[in-house]
Amino acid sequence: QVQVVESGGGLVQPGGSLSLSCTASGRIFNIDVMGWYRQAPGEERELVASVSRDGRINYADSVKGRFTISRGNVKNTVHLQMNSLKPEDTAVYFCNAHGLGYYKDDVPIVDGMDHWGEGTLVTVSS
């Protein structure tokens with residue numbers, strides 16, 4: 001099966017930096033898009049940044065120039081470098097892997113589903 005696991009997060013002061021990492025594990029042979037979403041209390045989940053298999057990158061307007069998404073050297077890994085953090089960046093950050101191809105019991109599966117991590121809390125506060 002497929003698992004998506006985030007790491008990083010924590011408490012940081014305004015203006016500080018944090019780095020998040022995410023790895024999708026399992027017998028995966030393709031991932032169309034990996035990205036980061038966030039959800040603040042009382043708000044809907046929103047896209048922060050994503051990177052496609054062919055390298056196309058998309059950022060939310062609110063994080064452009066401050067956040068950088070990149071694919072890791074380890075396969076099926078993505079990182080999010082967050083600089084100049086603001087209190088309004090406080091949220092639970094979720095990693096998403098979309099459009100997976102993987103083996104289940106030696107049978108290749110191609111799905112258009114979203115696979116989510118459990119989330120990691122980022123708190124920006126003085």
Side-chain angles (χ1 to χ4, degrees):
Q1 314 301 32
V2 173
Q3 281 192 312
V4 178
V5 179
E6 304 102 338
S7 62
L11 173 65
V12 65
Q13 292 187 342
S17 298
L18 277 177
S19 180
L20 305 180
S21 294
C22 170
T23 299
S25 62
R27 297 179 63 194
I28 299 170
F29 56 84
N30 179 67
I31 301 178
D32 284 344
V33 182
M34 292 190 76
W36 290 94
Y37 289 70
R38 66 187 181 187
Q39 187 167 17
E43 303 289 334
E44 293 188 354
R45 192 172 297 188
E46 63 174 2
L47 173 70
V48 176
S50 65
V51 56
S52 68
R53 182 180 57 180
D54 59 1
R56 287 174 294 156
I57 290 176
N58 185 38
Y59 292 105
D61 288 342
S62 59
V63 306
K64 284 181 180 177
R66 300 187 298 122
F67 290 13
T68 302
I69 190 170
S70 61
R71 286 192 178 272
N73 292 327
V74 174
K75 191 177 180 181
N76 301 329
T77 297
V78 66
H79 305 292
L80 185 68
Q81 178 64 39
M82 303 183 293
N83 299 327
S84 302
L85 282 160
K86 305 175 182 180
E88 51 264 43
D89 294 317
T90 295
V92 177
Y93 284 69
F94 296 92
C95 182
N96 173 274
H98 178 80
L100 267 64
Y102 57 95
Y103 289 98
K104 180 179 179 182
D105 299 326
D106 293 327
V107 176
I109 305 292
V110 177
D111 70 33
M113 296 173 58
D114 288 312
H115 297 258
W116 295 96
E118 293 187 351
T120 184
L121 178 63
V122 172
T123 304
V124 185
S125 175
S126 54

Please give me the minimum heavy-atom distance between L80 and A49, naming the atom from each residue. CD1-CB, 4.2 Å
Classify the angle between the aromatic ring planes of F67 and Y93 as parallel (below 30°), tilted (30 to 60°) or perpendicular (above 60°). tilted
State plainly whether one hydrophobic cluster holds both V124 and W36, where clusters connect Ile, Leu, Val, Met, Phe, Trp and Tyr through side-chain heavy atoms under 4.5 angstrom apart. yes
I'd like to check R27 versus D106 (side-chain heavy atoms, cut-off strictly below 4.5 Å). Are they in contact? yes
Look at atom CZ of R53 and say whether more than 12 heavy atoms of other residues, nucleotides or ligands are closer to it than 6.0 Å. no
Do I28 and V74 share a hydrophobic cluster, counting only Ile, Leu, Val, Met, Phe, Trp and Tyr and linking them when any side-chain heavy atoms are less than 4.5 Å apart? no
Out of curiosity, does V78 fall in the hydrophobic cluster containing L47 (side-chain heavy atoms, cut-off under 4.5 Å, transitive links)? no
Looking only at heavy atoms, which two atoms of V4 and C22 are closest? And how far apart? CG1-SG, 3.5 Å
Worked verdict on L20 versus V122 for side-chain contact (heavy atoms from CB on, under 4.5 Å): CA-CA 9 Å; L20 305 180; V122 172; 4.2 Å; yes
In the structure I gave you, are the side-chain heavy atoms of N76 and S25 within less than 4.5 Å of one another anywhere? no
Looking only at non-hydrogen atoms, find the nearest pair between L18 and L85 and report the distance. N-CD1, 3.8 Å
Does the side-chain contact (heavy atoms from CB on, under 4.5 Å) test come out yes or no for D111 and Y102, once each step is laid out? CA-CA 9 Å; D111 70 33; Y102 57 95; 3.3 Å; yes
Answer yes or no: does atom CD of E118 have more than 12 heavy-atom neighbours from other residues, nucleotides or ligands under 6.0 Å? no
Shortest non-hydrogen contact between P14 and S126, atoms and distance: CD-N, 3.7 Å
If you take all heavy atoms of I31 and A24, which pair is closest and at what distance? CD1-CB, 3.9 Å
Spell out, as yes or no, whether a donor-acceptor pair under 3.5 Å connects the side chain of Y59 to the backbone of I69. yes
Are I109 and V2 joined in one hydrophobic group, where the rule is that I, L, V, M, F, W and Y side chains link up if heavy atoms are under 4.5 Å apart? yes
Pair K64 + D61: basic N to acidic O under 4.0 Å: yes
So CZ of R56 and OG of S50: to nearest 0.5 Å the spacing works out to 9.0 Å
Any chance you could measure R71, atom CZ, to H79, atom NE2, to the nearest 0.5 Å? 11.0 Å
Is the side chain of S84 donor-acceptor paired with the backbone N or O of R66 at a distance under 3.5 Å, no angle test? no
Rounded to the nearest 0.5 Å, how far apart are NE2 of H115 and CD of Q1? 10.0 Å
Closest non-hydrogen contact found for A40 with A91 is N-CB, 3.8 Å
When you look at V48 and F94, which way does the side-chain contact (heavy atoms from CB on, under 4.5 Å) test go after all the steps? CA-CA 10 Å; V48 176; F94 296 92; over 6 Å; no
Do R38 and D89 have side-chain heavy atoms sitting under 4.5 Å apart? yes
Does E6 use its side chain to pair, donor to acceptor, with the backbone of G119 at less than 3.5 Å? yes
With a 4.5 Å cut-off on side-chain heavy-atom distances among I, L, V, M, F, W and Y, is there a chain of contacts connecting V5 to W116? no
Check the surroundings of atom CD in Q39: do more than 12 heavy atoms from other residues, nucleotides or ligands lie under 6.0 Å from it? yes
Under 3.5 Å, is there a donor-acceptor pair linking the side chains of T90 and T123? no
Counting only heavy atoms not in E44, do more than 12 sit closer than 6.0 Å to its CD atom? no
Kindly compute the distance separating OG (S17) from CE (M82), expressed to the nearest 0.5 Å. 9.0 Å
Take L11 and S125, measure what side-chain contact (heavy atoms from CB on, under 4.5 Å) needs, and give me the verdict at the end. CA-CA 7 Å; L11 173 65; S125 175; 4.3 Å; yes
